[in-house]
Amino acid sequence: MTDTALKGESQQPVEPAVLDDVPGWFWDHDRHSFDWFLGRQEKNGVTGDLLEMGAYLGRSAIVIGEHLQPGETFTVCDLFDSDAPDDENSEEMAFSYRKTLTRSAFESNYLSFHDELPEIIQAPTSVLAGGRIPAGAFRFIHIDASHLYEHVVGDLQVARIALQSQGVVVMDDYRSQHTPGVAAATWEAVFNHGLKPIMLTECKFYGTWGDPEPFQRELLDRVDLAAGCHLSAETLNGQQLLRMTGGSEGIRPFRPSRHQERLASAAATRSAEEGRQAIRIARDEAALDLAARRARAAEARRPANVAKRAARDLLPPVVTSAIRRARRG
């Protein structure tokens, strides 16, 4: 998939027709995994609030919001276009997000797929510490905010307190070359703070402070798992973890936005008009070509030109060449 948002300079589409129109770094395997974990909770009667730390322009938030159940709250915490709390974080944002990230763009994207916005906290994720959100109230938390080690450590501490016993935390960029702070904080939580890995994808770490075995058993049994998702099991420090690889076979596309039908109709109208315009241009060019050919034919039929051609055809080549040289000189 080509994602123009990776360049950090593209302009946000005003009205996305499909989820892929929303810029971001959220690929099919992770979208399917979000649906799998959230759907499994709902199928098993698990209720609890949802939280995303760092939302960019809303691609993953839109998927999480699809699983909001009655009585639950979905909270999104992001700086958006606010100032960062420190110079290092400000530099990180300026490098990656500042040209495109605005709260209004996030809200526009989200409302293209949902009727109501989540609860938005426009602030650094550190404001969630110290009881800002209730302990043990959340069933699913996605952490994709600052990549700086100290900030990620704080986000994980918030998640540990906020999650239910069998709640799921998802870490973005746990292995990317440009985010060593995320990797350090994630594996530190695994080895020193009781976080248990469930599954790894290319971009995200899925874990719990509860028991990962029920999740892993159903994944290995391929309960509701797409055909293109291939799993392998490994052992890390005595704990099993799964790795997901493969293609997108069997992963259904996310439902279209409320704008898709109108945008498709407008595109079809533009395409039809462009086709009519192309036909008109082709007809005009053909008419001009025909007129030019007729003019050349008429010119060739003029008596003087006919006589010239006859003289050229009847006179010997030496004489014809001499006449031409005389005319030139």
Side-chain angles (χ1 to χ4, degrees), residues 1 3-6 8-28 30-35 37-39 41-42 47-83 93 96-125 127-128 132-133 137-145 170 172 251-270:
M1 177 191 315
D3 196 332
T4 54
L6 296 177
E9 298 179 355
S10 62
Q11 295 299 313
Q12 158 67 3
V14 176
E15 295 177 328
V18 295
L19 188 66
D20 282 354
D21 289 341
V22 179
W25 303 264
F26 190 51
W27 316 124
D28 287 342
D30 287 306
R31 177 173 59 80
H32 179 54
S33 297
F34 274 44
D35 282 332
F37 280 97
L38 288 160
Q41 290 175 331
E42 294 145 26
T47 60
D49 293 335
L50 312 173
L51 172 63
E52 181 164 72
M53 302 186 205
Y56 192 47
L57 292 174
R59 189 186 287 194
S60 56
I62 290 164
V63 175
I64 296 172
E66 189 77 356
H67 293 272
L68 188 64
Q69 300 178 105
E72 295 179 340
T73 299
F74 178 26
T75 302
V76 169
C77 182
D78 197 297
L79 278 171
F80 294 112
D81 34 357
S82 297
D83 293 331
M93 290 190 65
S96 301
Y97 312 120
R98 183 56 71 198
K99 293 181 180 180
T100 55
L101 179 57
T102 66
R103 178 169 175 170
S104 63
F106 169 85
E107 292 179 348
S108 175
N109 287 331
Y110 193 89
L111 290 174
S112 295
F113 294 86
H114 298 287
D115 293 333
E116 297 180 0
L117 288 169
E119 179 183 332
I120 297 176
I121 300 174
Q122 186 168 349
T125 54
V127 304
L128 300 177
R132 172 70 183 267
I133 55 176
F138 292 80
R139 62 183 173 101
F140 188 92
I141 296 177
H142 179 215
I143 299 177
D144 186 14
V170 183
D172 184 66
I251 299 178
R252 292 177 296 179
F254 194 78
R255 63 177 176 83
S257 80
R258 66 178 76 254
H259 309 302
Q260 188 202 44
E261 186 174 345
R262 177 172 50 79
L263 292 172
S265 176
T269 300
R270 287 195 302 272

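Model, not experiment: these values are computed from the prediction.
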(message) Can you give me the closest heavy-atom contact between P124 and C77, atom names plus distance?
(response) O-SG, 3.9 Å
(request) Return the minimal non-hydrogen interatomic distance between P118 and V76, and the atom names on each side. (result) CG-CG2, 3.8 Å
(request) With the side chain counted from C-beta on, respond yes when F138 and I133 share a heavy-atom pair under 4.5 Å apart, and no when they do not. (result) yes
(request) Quick one: pull up CD1 in I141 and CG in L51 and give me the separation to the nearest 0.5 Å. (result) 5.0 Å
(message) Taking CZ in R255 as the centre, count heavy atoms belonging to other residues, nucleotides or ligands within less than 6.0 Å. Is the count above 12?
(response) yes
(request) Heavy atoms only: give me the nearest H259-S112 pair and the separation to one decimal. (result) NE2-OG, 3.1 Å
(message) Is there a side-chain contact between E66 and V63 in this structure, where contact means two heavy atoms from C-beta onward sitting under 4.5 Å apart?
(response) no
(message) Can a donor-acceptor pair be found, under 3.5 Å and without considering hydrogens, that links the side chain of D30 to the backbone of W27?
(response) no
(message) As an exercise, state the distance from CD1 of I251 to NE2 of H32, rounded to the nearest 0.5 Å.
(response) 5.5 Å
(request) Quick one: list whatever passes side-chain hydrogen bond (donor to acceptor under 3.5 Å, both in side chains) with R258, sequence neighbours left out. (result) D115
(request) Kindly write out the residues that satisfy ring-ring contact (aromatic ring centres under 6.0 Å, His included) with H142, not counting sequence neighbours, or none if the list is empty. (result) F34
(request) Name all residues meeting the salt bridge (charged side-chain N to carboxylate O under 4.0 Å, His left out) criterion together with D172; count only those two or more places apart in sequence or in a different chain, and write none if there are none. (result) K204
(request) Please identify each residue that fulfils side-chain hydrogen bond (donor to acceptor under 3.5 Å, both in side chains) with H114, with sequence neighbours left out. (result) none
(request) Examine the side chains of E52 and S60 and answer whether a donor and an acceptor come within less than 3.5 Å of each other. (result) yes
(message) Do I62 and V22 make a side-chain contact, defined as non-hydrogen atoms from C-beta onward lying under 4.5 Å apart?
(response) yes
(request) Compare all side-chain heavy atoms of L79 with those of Q122 and state whether any distance is below 4.5 angstrom. (result) no
(request) Measure across F80 and I120 and return the closest heavy-atom pair with its distance rounded to 0.1 Å. (result) CE1-CG2, 3.7 Å
(request) Return yes if some donor-acceptor pair links the side-chain N/O of N109 with the main-chain N/O of L57 below 3.5 Å, else return no. (result) yes
(request) Take I64 and F74 through the side chain to side chain contact (heavy atoms under 4.5 Å, CB included) test and state the conclusion after the steps. (result) CA-CA 8 Å; I64 296 172; F74 178 26; 3.7 Å; yes
(request) Would you give the length of the straight line joining atom CG of L111 to atom OG of S257, rounded to the nearest 0.5 angstrom? (result) 11.5 Å
(request) Starting at CG of D144, measure out to CH2 of W25 and round the result to the nearest 0.5 Å. (result) 8.5 Å
(request) Could you please spell out the steps behind the side chain to side chain contact (heavy atoms under 4.5 Å, CB included) verdict for E107 and T102? (result) CA-CA 9 Å; E107 292 179 348; T102 66; over 6 Å; no
(message) Side chains of E119 and T73: any donor to acceptor distance under 3.5 Å?
(response) no
(request) Give, for atom CG of D21 and atom CD of E15, the distance between the pair rounded to the nearest 0.5 Å. (result) 11.0 Å
(request) Show your working on side chain to side chain contact (heavy atoms under 4.5 Å, CB included) between F254 and V18 and close with a plain yes or no. (result) CA-CA 8 Å; F254 194 78; V18 295; over 6 Å; no
(request) Please check if the side chain of D78 supplies one atom and the backbone of A55 the other of a donor-acceptor pair under 3.5 Å. (result) yes
(request) Determine the minimum heavy-atom distance between D20 and R59, stating which atoms define it. (result) O-NH2, 3.5 Å
(message) Just to verify, what does R132 make a side chain to side chain contact (heavy atoms under 4.5 Å, CB included) with, not counting sequence neighbours?
(response) I121, V127, L128
(request) Taking all non-hydrogen atoms of both residues into account, name the closest pair between F113 and P16 and its distance. (result) CE1-CG, 4.0 Å
(request) Identify, with sequence neighbours excluded, every residue that meets side chain to side chain contact (heavy atoms under 4.5 Å, CB included) alongside Q41. (result) L38, V46, R139, F140, V168
